[in-house]
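Written out below as structure tokens is the structure these notes cover.
One-based numbering, in listed order, for ligands and for the atoms of each.
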Amino acid sequence: MTSTPTSIAPEAVITATALTLSLGTGEAKVEILRGIDLAVTRGETLALLGPSGSGKSSLLAILSGLERASGGALMVAGADFTALDEDGLAAARRGRIGIVLQAFHLLPTMTALENVATPLELAGQLDAMARAEAELVAVGLGHRLHHYPAQLSGGEQQRVAIARALAPQPAILFADEPTGNLDHATGEAVADLLFARAADAGATFIMVTHDEALAARCGRIVRLADGQIASDVRA
Ligand SMILES: Nc1ncnc2c1ncn2[C@@H]1O[C@H](COP(=O)(O)OP(=O)(O)OP(=O)(O)O)[C@@H](O)[C@H]1O
Ligand SMILES: [Mg+2]
């Protein structure tokens with residue numbers, strides 16, 4: 001199923017071939033992604049850059065299984081994302097993929113601890129509370145376990161979102177402008193945390209950003225333009 005630990009060939013964790021995304025039909029049809037070929041190796045850090053509207057968020061949504069491609073082939077952490085139905089995709093995401101978005105998307109009626117523990121419980125993890133607490137401690141929020149999102153700063157809410165994304169120990173961590181809603185200093189701290197936690201977890205890290213300095217911290221920079229890959233450069 002997986003390669004042996006002694007394997008020396010870099011292991012592809014994402015293989016996308018000729019991915020397309022079109023929305024609407026007939027006259028109103030818009031081609032948002034127009035043939036994306038991308039192979040990502042386990043442990044890589046990759047920044048996705050490009051002008052507004054170039055398709056970055058759309059590509060991230062497809063690679064992370066939130067949206068379905070219109071065409072092409074996509075293997076993610078050993079699962080064939082193009083062959084799965086909605087339930088299958090949801091199941092395949094679980095434990096493989098963590099997602100951090102610009103708006104933190106925490107559940108307002110749950111504490112920080114419950115926000116992180118609930119997905120673990122739903123996945124049947126027995127020590128969900130203990131794991132969630134450890135994850136929150138790791139992002140520096142050991143003193144905010146029982147606070148509700150409205151009682152947390154933006155930076156703290158994003159830390160909870162990072163803990164929630166990484167708690168199930170996903171193979172891949174996706175982030176879409178994770179510092180976009182934060183002031184510069186808070187954004188820097190959150191970015192540091194994302195890189196550190198992804199590395200600790202051994203997760204592949206793929207981030208959409210408009211911030212060139214942030215992108216330069218990644219081992220690879222892929223630029224999109226008008227729904228296609230314009231350049232793909234490894235540091
Ligand atoms: N649900 C939708 N229906 C129609 N068009 C859409 C939809 N979602 C996105 N688009 C279009 O797809 C294109 C790519 O959008 P996307 O959000 O992926 O861009 P982006 O590169 O993430 O931009 P930004 O930097 O502004 O976040 C845009 O032209 C957008 O208007
Ligand atoms: Mg976007």
Side-chain angles (χ1 to χ4, degrees), residues 14-40 44-76 81-82 84-86 89-90 93 97-106 154-155 157-158 161-162 164-165 170 172-184 186-188 190-191 193-195 198 203-233:
I14 295 178
T15 312
T17 314
L19 281 185
T20 60
L21 176 66
S22 14
L23 294 174
T25 51
E27 293 274 290
K29 185 164 167 173
V30 195
E31 306 231 334
I32 291 167
L33 297 175
R34 303 184 298 132
I36 300 285
D37 293 311
L38 185 68
V40 182
E44 261 191 315
T45 55
L46 188 154
L48 211 47
L49 285 167
S52 183
S54 57
K56 305 181 297 293
S57 293
S58 302
L59 179 57
L60 198 91
I62 290 173
L63 297 180
S64 61
L66 291 175
E67 264 191 60
R68 189 179 292 282
S70 306
L74 177 61
M75 294 292 296
V76 178
F81 272 27
T82 34
L84 296 168
D85 61 13
E86 293 304 319
L89 260 185
R93 277 206 307 275
I97 284 167
I99 305 172
V100 174
L101 298 170
Q102 180 172 349
F104 323 120
H105 295 293
L106 302 177
Q157 289 182 59
Q158 194 62 307
I162 292 167
R164 178 181 59 186
I172 312 167
L173 177 65
F174 291 96
D176 193 347
E177 301 195 46
T179 63
N181 277 358
L182 304 171
D183 66 66
H184 185 74
T186 308
E188 290 269 286
V190 162
L193 190 63
L194 272 168
F195 280 107
T204 303
F205 180 35
I206 300 180
M207 172 175 55
V208 169
T209 182
H210 283 283
D211 183 338
E212 292 279 347
L214 198 53
R217 294 176 61 177
C218 292
R220 182 173 174 192
I221 297 182
V222 171
R223 289 178 198 272
L224 286 190
D226 201 14
Q228 293 182 307
I229 292 181
S231 69
D232 181 347
V233 177

Report yes or no: does Ser54 have a heavy atom closer than 4.0 Å to ligand 1? yes
So is Ala61 in contact with ligand 1, going by heavy-atom distances below 4.0 Å? no
Please check if a non-hydrogen protein atom sits closer than 4.0 Å to atom 30 (C) of ligand 1. no
Heavy-atom protein contact below 4.0 Å for atom 25 (O) of ligand 1: yes
In ligand 1, which numbered atoms sit nearer than 4.0 Å to a non-hydrogen atom of [X]?
X	result
Leu23	1 (N), 2 (C), 3 (N), 4 (C), 5 (N), 6 (C), 7 (C)
His210	25 (O)
Pro51	21 (O)
Ser58	14 (C), 15 (O), 16 (P), 18 (O)
Glu177	25 (O), 27 (O)

Interatomic distance, OG@Ser57 vs CG@Asp176, rounded to 0.5 Å, equals 3.5 Å
About how many Å separate CG of Leu59 and CD1 of Ile36, when rounded to the nearest 0.5 Å? 5.5 Å
Taking both backbone and side chain into account, is any N, O or S atom of Gln102 nearer than 2.8 Å to the Mg ion (ligand 2)? no
Compute the shortest N/O to N/O distance between Gly53 and ligand 1 and return yes if it is under 3.5 Å, no if not. yes
